[in-house]
Amino acid sequence: MKPLSRFSITVSLFTVTLSVALALAATIISYTHYANRETALPAGRELMERSAEVVRLQTASLIEPINAIARYSGDWLDVNVDPKASGHPARKRLISFLSAMPQIANIYIGYEDGSNYLVGATRTLPEARLEEMGAPEGTVFREQIIMRGDRSRPVQIDRFLDENSVTLHTNSNEDEISYDPRERPWYEQAIDSPLVERTDVYLFTGSKRPGLTVSKRHARGVVGVDITLSDLSSFLDSEPQARTGVLAIISHEGTLLAHSSLKDTPEGDDRYAALAALQEQVRNPDRDKITTVAVSGHPWMTHISAIGL
């Protein structure tokens, strides 16, 4: 499947831009605290600088562990071991990553012969998809094994595990298996590169939800780690700045990738207009890092800064 869309997320995963918008009237610093605008603006800029740096560092801390998993995956002693019907010796390690880092949706090891071993968190899959796959109640992790090699026809095994990695149910399929890691964006980008690679946004096969993958080649294939855009949005929504403003991750072309929740925000609220203003501001090559914009007639201070990962 081709990428959902090319957002020019090149040079490292996020040469995207983190944009933070806060209404001056909703911050600690507002025009009413100062005798004039000239006094308020420098103080507001300082507050925005501090707030944006906190969010930038926390966003980096969300992504860096994923980079590290991919970066050092080639050093795993068992990374080149073929998956078997019983699983893979890396299972315990991969599940520990999923348990410790909720921002990860799936981790997989793809092989040059088309075999694939995946461990994923079922929280990222829609209920309808889980039912379709035959996942029983209590499933927390899924293990998918695709074995090709010298077989006349590939075999796929889906195993559903509880929170303690105990198997609840197993499905086996020897019918037509369309999934081939060698045809996926994360594999194609990494197989010819010595570096950690990051895809553009595309639809994940299992969940049909948009996300991106960090990947790194190993001696016999590629290791990939998924993060969904919904996970990024949830992270932004948890930041305290989202209570008084808008937080967004925007590509340098102005495409909105993730943003803090607006579900309880009435239509026509300033925050909708603020998001649009941020996108326009990112598209402007002459933009200032911090500026004040009028949103629905109200002053908002915005901060644009790159996440250099």
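Throughout, residue positions are numbered sequentially from 1 according to the sequence presented.
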Can you tell me how far [atom2] of [Y] sits from [atom1] of [X], rounded to the nearest 0.5 angstrom?
X: Glu132; Y: Leu125; atom1: CD; atom2: CG; value: 10.5 Å
X: Thr139; Y: Leu161; atom1: OG1; atom2: CG; value: 8.0 Å
X: Asn67; Y: Lys216; atom1: CG; atom2: NZ; value: 12.0 Å
X: Phe160; Y: Glu137; atom1: CZ; atom2: CD; value: 14.5 Å
X: Phe141; Y: Thr122; atom1: CZ; atom2: OG1; value: 8.0 Å

Does a salt bridge link Glu64 with Arg71, judged by any charged N lying under 4.0 Å from a carboxylate O?
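Arg71 and Glu64: salt-bridged.
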Can you name the closest pair of heavy atoms from [X] and [Y] and give their distance?
X: Thr199; Y: Pro185; value: CG2-C, 3.9 Å
X: Ser215; Y: Gly224; value: CB-CA, 4.1 Å
X: Phe204; Y: Leu212; value: CZ-N, 3.5 Å
X: Pro83; Y: Ile146; value: CG-O, 4.2 Å
X: Gln103; Y: Pro65; value: NE2-CG, 4.3 Å

Steps toward salt bridge (charged side-chain N to carboxylate O under 4.0 Å, His left out) verdict (Arg217, Asp192)
CA-CA 8 Å; Arg217 76 181 185 191; Asp192 295 320; 5.7 Å; no
Please identify which of these residues, Glu143, His88, Gln144, meets the side chain to side chain donor-acceptor pair (under 3.5 Å) condition with Tyr117.
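Result for side chain to side chain donor-acceptor pair (under 3.5 Å) with Tyr117: Glu143.
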Using the side chain to side chain donor-acceptor pair (under 3.5 Å) definition, which of the options Asp226, Thr124, Thr213 pairs with Asn106?
Asp226
Could you check if a side-chain atom of [X] sits within less than 4.5 angstrom of a side-chain atom of [Y], using non-hydrogen atoms only?
X: Val223; Y: Tyr108; value: no
X: Tyr111; Y: His218; value: yes
X: Ile107; Y: Leu94; value: yes

From CA spacing to verdict: salt bridge (charged side-chain N to carboxylate O under 4.0 Å, His left out), Arg182, Glu188
CA-CA 6 Å; Arg182 298 169 296 185; Glu188 292 175 334; over 6 Å; no
Go through it in stages, so that I can follow the logic: the residues are Ser260 and Asp237, the test is side chain to side chain donor-acceptor pair (under 3.5 Å), and I'd like the CA-CA distance, side-chain angles, deciding distance and then a yes or no.
CA-CA 4 Å; Ser260 52; Asp237 204 35; 5.0 Å; no
Quick one about Arg148 and Asn116 (side-chain donor to acceptor, distance below 3.5 Å, no hydrogens or angles considered), yes or no?
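Arg148 and Asn116 do not have a side-chain donor-acceptor pair below 3.5 Å.
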